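Okay, structure first, notes after.
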Amino acid sequence: MNRFVLALVLCGLVTSAVPAAAQDTPMPSNTYNDPAMSFTAPAGYKGSTRPYDPDNIAQAAVVATFVKNSGKPDMRVIQIQMEQFQGSLPGFTVLSENELRGQLDGVFVTKKQQSALSNGMPAMWEEITVGDGFQEMKRWEYLWVDGFRGVDLSITGRYGELTEAQAKQDLASASGVRFPLNRY
C-alpha cells in the first residue's frame, strides 16, 4: 500500500474510537439517515454505514464513511462521526479539535467560521491541516450539536488535491435537526 493511501486511511480510522456495536459488518450505501440528520454523498463516492446505539456513543464513533477515487492521489474520504454531547457548539468544537490533536500529529486549524447546513442548522465550518511534507492532508468539516450528540461531518484529501469549494460542494447535502429524544 503506498504511503499516501496509508496516511489517508490512518487519518480516517485514527480519528475515532469505534464502539463494539459499530464493528458489525458495514452496509453499503451512499446515504446516511437517522432521526436527526441526513447526508447523501455525491456521485462517485462508495460508502458504508455502521449500526450504532445513540445511547452508547460516549466517545467519537464513525457511523458512515464514503470514499472517492480509492488509492489514487486525488482520493477523498468523507466521514460522519458522532458522540454524546449536550453542550454548546463552541464547546463541541473545542472538544473535537482536542480529540483530533490527541490522536494525530501536526493538526493545525487554519480556519473556523460560523456556518449552517443546507436546512439552516447552525454549524461550525473548519479547515484543518494534518501532517507535513509529502504526507500533508487537508480536512474540512462541519461540526454541529443536535441537543443529544455532537456531529462531525468531514472530508479529507491530499494537500493540493482538494479545494475548499470542492469540499463544500461534496458536503452540501447535509441537513440536521434537533435529536428527537426517546426515538430509539
Side-chain angles (χ1 to χ4, degrees), residues 2-16 29-34 36-49 60 62-82 89-90 92-97 99-101 103-146 150-177:
N2 70 32
R3 296 174 95 189
F4 166 70
V5 174
L6 180 60
L8 191 54
V9 169
L10 288 176
C11 182
L13 295 177
V14 174
T15 57
S16 72
S29 174
N30 236 27
T31 301
Y32 176 84
N33 287 299
D34 71 24
M37 80 159 286
S38 176
F39 174 75
T40 300
Y45 281 88
K46 294 183 180 180
S48 64
T49 59
V62 176
V63 298
T65 303
F66 307 92
V67 179
K68 182 176 183 177
N69 301 329
S70 181
K72 297 181 181 174
D74 62 342
M75 181 170 141
R76 298 177 190 176
V77 177
I78 296 174
Q79 283 191 326
I80 301 171
Q81 297 178 9
M82 299 179 182
L89 178 56
F92 180 63
T93 300
V94 170
L95 174 68
S96 179
E97 291 169 9
E99 287 175 346
L100 192 58
R101 284 186 179 107
Q103 296 164 352
L104 299 170
D105 290 329
V107 174
F108 182 67
V109 178
T110 56
K111 180 179 190 177
K112 192 183 293 193
Q113 175 182 3
Q114 287 287 334
S115 187
L117 302 179
S118 63
N119 67 331
M121 177 72 152
M124 185 67 71
W125 176 251
E126 292 190 342
E127 176 183 352
I128 301 170
T129 302
V130 179
D132 58 13
F134 294 115
Q135 303 302 318
E136 190 170 346
M137 307 295 286
K138 285 302 261 187
R139 174 180 169 126
W140 283 273
E141 61 188 15
Y142 282 113
L143 301 168
W144 71 94
V145 177
D146 65 14
V151 181
D152 181 339
L153 172 64
S154 66
I155 183 169
T156 305
R158 189 175 182 177
Y159 187 85
E161 296 291 336
L162 178 63
T163 66
E164 182 175 12
Q166 291 167 327
K168 282 186 174 184
Q169 181 178 355
D170 285 2
L171 301 180
S173 73
S175 65
V177 297

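This structure is a prediction, so every number in the text was calculated from the model and none was measured.
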I'd like to know if the side chain of Ser118 and the backbone of Ala174 have a donor-acceptor N/O pair within less than 3.5 Å.
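Confirmed, Ser118 side chain pairs with Ala174 backbone.
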Interatomic spacing from [atom1] in [X] to [atom2] in [Y] - rounded to 0.5 Å:
X	Y	atom1	atom2	result
Thr49	Asn30	OG1	CG	10.5 Å
Trp144	Ser175	CH2	OG	8.0 Å
Met137	Leu104	CE	CG	10.5 Å
Leu153	Gln81	CG	CD	10.0 Å
Tyr32	Gln79	OH	CD	13.0 Å
Gln169	Ile155	CD	CD1	9.5 Å

Minimum heavy-atom separation for [X] and [Y], please, with both atom names.
X	Y	result
Ser70	Met75	CA-SD, 3.7 Å
Tyr142	Ala116	CE2-O, 4.2 Å
Leu117	Gly176	CD1-N, 3.6 Å
Val145	Met121	O-CE, 3.4 Å
Asp74	Glu161	CB-OE1, 3.5 Å

With sequence neighbours excluded, what pairs up with Val94 under the side chain to side chain contact (heavy atoms under 4.5 Å, CB included) test?
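Partners of Val94 by the side chain to side chain contact (heavy atoms under 4.5 Å, CB included) criterion, ordered by chain and then number, come out as Asn98.
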Just jot down the side chain to side chain contact (heavy atoms under 4.5 Å, CB included) partners of Gln166, sequence neighbours excluded, or say none.
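So Gln166 forms a side chain to side chain contact (heavy atoms under 4.5 Å, CB included) with Arg76, Leu162, Thr163.
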Please tabulate, one pair per line, all N/O donor-acceptor pairs under 3.5 Å involving side-chain atoms of residues 37-46, not counting sequence neighbours.
unit_1: Ser38; atom_1: OG; unit_2: Asn33; atom_2: OD1; d: 2.6
unit_1: Thr40; atom_1: OG1; unit_2: Thr31; atom_2: OG1; d: 3.3
unit_1: Tyr45; atom_1: OH; unit_2: Asp170; atom_2: OD2; d: 2.5

Is there side-chain contact between [X] and [Y], with heavy atoms separated by less than 4.5 Å?
X	Y	value
Phe66	Ile80	yes
Glu126	Ser96	no
Trp125	Leu171	yes

Test of understanding: with salt bridge (Lys or Arg N to Asp or Glu O under 4.0 Å), list the residues that count as partners of Glu127, not counting sequence neighbours.
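Salt bridge (Lys or Arg N to Asp or Glu O under 4.0 Å) check on Glu127 returns Lys138.
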With Lys68 via salt bridge (Lys or Arg N to Asp or Glu O under 4.0 Å) - residues at least two apart:
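By the salt bridge (Lys or Arg N to Asp or Glu O under 4.0 Å) rule, Lys68 matches no residue at all.
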Residue Asp132 excluded, over 12 heavy atoms near CG under 6.0 Å:
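Count not over threshold, so no.
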Quick test of your reading: applying salt bridge (Lys or Arg N to Asp or Glu O under 4.0 Å), list the pairs with at least one residue in residues 111-124, sequence neighbours left out, ordered by first then second residue.
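Non-adjacent pairs meeting salt bridge (Lys or Arg N to Asp or Glu O under 4.0 Å): Glu97-Lys112, Lys111-Glu164.
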